[in-house]
**Q** 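After the structure tokens below, expect a handful of questions from me.
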Amino acid sequence: MPMSVKTFAQVDEAARALAASRSARYLGGGTLIMRAVNYGDQSFDTIIRTTDPRLKQIAQQGDMLVIGAGITMSEVIANRETAFLAPVARTVGGPAIRNMATVGGNLFAASPYGDFTAALLALDARVVPAGGQPISLDEFLNARERNAGLVIVSVQIPRLRDVNAFRYVKVSRVKPKGIAVMSIAAVLPMQAGRLANARVAYGAMGPRPLRALAVERALEGRSLDEAGIAQALAVATEGVDPPSDPIASDWYRRQIAPVHLKRLLLGQRR
Amino acid sequence: MAKKPIQFQLNGSGQAIFAEEGSNLLDVLRRGVGDLSPKYGCGQGTCGTCTVLVNGEPRLSCLTLAETVEGQSVETTAGLAHGPQLHALQHAFMDNFAAQCGYCTPGMLMAAKALLDRNPSPSREEVVEAISGNICRCTGYEPIINAVLAAAQSGGRRYG
Ligand SMILES: Cc1cc2nc3c(=O)[nH]c(=O)nc-3n(C[C@H](O)[C@H](O)[C@H](O)COP(=O)(O)OP(=O)(O)OC[C@H]3O[C@@H](n4cnc5c(N)ncnc54)[C@H](O)[C@@H]3O)c2cc1C
Ligand code: FES
Ligand code: FES
């Protein structure tokens with residue numbers, strides 16, 4: 001099918017063009033969109049992109065770290081402000097994919113993709129659409145299909161008081177590069193030896209990255225040791241809806257979730 | 001079908017061609033320019049045989065919207081040799097029997113070149129990481145890794 005490509009200097013113009021057309025798709029790094037084009041996807045005939053520098057910034061703004069939606073995984077790895085996210089970005093695809101895959105595109109990537117978004121979810125990130133107010137990532141993901149008509153400018157991450165409170169693991173069968181069996185991201189703030197307001201998110205455990213709310217509740221006020229996390233492990237798979245795909249079955253993903261959650265929480269090496 | 005002009009540097013020489021809108025860089029290189037060195041394997045980013053360098057960084061040309069390389073520098077294996085003088089990596093691939101059927105070779109070479117340009121003496125682990133997005137269907141990974149390490153050891157000089 002003939003395709004047309006429209007490039008805009010301003011993200012707001014791109015957003016208007018996208019909103020005005022049912023058969024247009026926004027192009028980030030293109031790792032998923034160009035796949036669809038190559039496979040003759042008939043659901044769109046227009047590609048919309050922008051060269052707006054706002055999508056390419058990484059900046060500390062007040063209490064927020066702002067990462068432009070057009071920032072690639074390689075750029076996350078290379079930038080000092082986002083150094084704590086480098087271990088996450090490194091798990092996305094191989095080197096060439098990381099030079100292309102953007103933060104914005106990852107927000108829309110279907111399971112089992114979305115490792116970076118799982119980390120953003122644990123970090124309580126907000127999504128900033130062109131011409132709109134920031135939305136919490138939880139809310140954004142719950143209505144992701146509807147949000148497909150928006151152009152995302154950036155994500156905002158509240159400043160972490162303690163960078164060491166952030167943990168992440170991606171479980172895959174192939175090293176060093178492999179699609180997720182699951183990924184787990186957690187922010188584990190401690191107050192006087194007790195967990196307070198922990199956030200835990202899973203990738204590849206549902207149609208989109210999701211919060212492990214039961215785990216979070218079970219961790220509240222507990223200590224980070226075998227006894228303290230026992231209840232959290234018992235509810236590790238509450239509310240999940242894992243896919244069965246060529247990487248792993250629903251059953252397998254459920255079986256391994258508590259094992260990897262335990263290692264992550266206790267900081268055990270794999 | 002609508003065609004768009006695209007200009008870029010390919011292996012150091014200017015290219016100006018018309019490409020169908022929405023076409024990927026691999027198609028433009030192979031059908032538009034006639035550089036058949038990058039291969040088509042999967043068209044979905046999984047195999048890596050279409051790897052080219054854009055401004056020195058590896059990219060999957062099958063997933064790169066061609067017009068995004070406007071004004072940029074693209075490198076393919078066709079530009080590795082200087083006349084009859086092969087690149088150190090090409091010699092090392094031959095010496096170490098790193099090509100069996102050879103289908104993955106152009107992608108492996110470009111992924112390895114990007115690594116050595118940045119890091120002239122990589123560890124084995126760094127080599128494995130650098131080619132982790134490239135699949136060798138003949139599964140000859142060991143000779144490929146050894147070849148990249150040998151090319152690094154030669155410092156690009158041994159072969160001229
Ligand atoms: C071989 C291979 C391996 C991969 N491995 C992984 C992996 O390990 N982990 C992982 O998480 N993902 C992986 N992916 C999926 C994908 O590369 C990433 O999720 C990537 O972050 C998607 O970003 P993109 O910029 O390439 O998306 P694009 O293809 O440009 O876009 C994807 C979707 O997001 C939308 N979109 C993109 N940017 C915006 C924006 N700013 N505003 C609104 N909508 C937008 C597009 O319209 C489209 O619907 C892999 C892909 C391939 C091909
Ligand atoms: S053809 Fe591009 S990755 Fe396989
Ligand atoms: S040599 Fe055959 S695919 Fe690698």
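Lettering of chains follows the sequences in order, A, B, ..., and the numbering in each one begins at 1.
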**Q** Counting neighbours of CD on B/E125 that are heavy atoms of other residues, nucleotides or ligands and sit closer than 6.0 Å, is the number greater than 12?
**A** no
**Q** Does B/Q44 reach the main-chain N or O of A/R35 with its side chain, forming a donor-acceptor pair under 3.5 Å?
**A**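 Answer holds: no.
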**Q** Is there a donor-acceptor pair under 3.5 Å between the side chain of A/N99 and the backbone N or O of B/P58?
**A** yes
**Q** As an exercise: rank A/T31, A/V174, A/V37, A/I33 by heavy-atom pairs under 4.5 Å with chain B and give me the winner.
**A** A/T31
**Q** Answer with side chain, backbone, both or neither: which region of B/C62 has an atom nearer than 4.5 Å to a non-hydrogen atom of chain A?
**A** both
**Q** Are the side chains of B/L65 and A/M34 in contact, using a 4.5 Å heavy-atom criterion?
**A**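 Yes; the side chains approach each other to less than 4.5 Å.
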**Q** Highest number of heavy-atom pairs under 4.5 Å with chain A: which of B/L60, B/N134, B/T51?
**A** B/L60
**Q** What part of A/L27 gets closer than 4.5 Å to chain B, counting heavy atoms only: side chain, backbone, both or neither?
**A**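 Only the side chain of A/L27 comes within 4.5 Å of chain B.
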**Q** Write down the atom of B/G133, the atom of A/P95, and the distance for their closest heavy-atom approach.
**A** N-CD, 4.1 Å
**Q** Within a radius of less than 6.0 Å around CZ of A/R173, do more than 12 heavy atoms belonging to other residues, nucleotides or ligands occur?
**A**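 Buried by this count: over 12 neighbours within 6.0 Å.
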**Q** What is the minimum heavy-atom distance between A/M100 and B/T64, and which atoms define it?
**A**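 Minimum heavy-atom contact is CE-OG1, 3.3 Å.
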**Q** Do you know which of A/G30, A/S4, A/G94 has the most heavy-atom pairs with chain B at a distance under 4.5 angstrom?
**A**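 Sorted descending by pairs with chain B, the first entry is A/S4.
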**Q** Quick check on A/K56: does its NZ atom have over 12 non-hydrogen neighbours (other residues, nucleotides or ligands) under 6.0 Å away?
**A** yes
**Q** Rounded to the nearest 0.5 Å, how far apart are CD of B/E70 and OG1 of A/T7?
**A** 10.0 Å
**Q** If you take all heavy atoms of B/E67 and A/R49, which pair is closest and at what distance?
**A** OE2-NH1, 4.2 Å
**Q** Measure A/S74 against the heavy atoms of chain B and call it side chain, backbone, both or neither at under 4.5 Å.
**A**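 When you check distances to chain B, no heavy atom of A/S74 falls under 4.5 Å.
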**Q** Examine whether an atom of A/R90 lies under 4.5 Å from a heavy atom of chain B, and if so say whether it belongs to the side chain, the backbone or both; otherwise answer neither.
**A** neither
**Q** Quick check: are there more than 12 heavy atoms from other residues, nucleotides or ligands sitting under 6.0 Å from CZ of B/R31?
**A** no
**Q** To the nearest 0.5 Å, how far apart are CD in B/E57 and CZ in A/R98?
**A** 12.0 Å
**Q** Out of B/V54, B/L53, B/T68, B/D27, which one racks up the most heavy-atom pairs below 4.5 Å with chain A?
**A**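 Highest number of heavy-atom pairs under 4.5 Å: B/T68.
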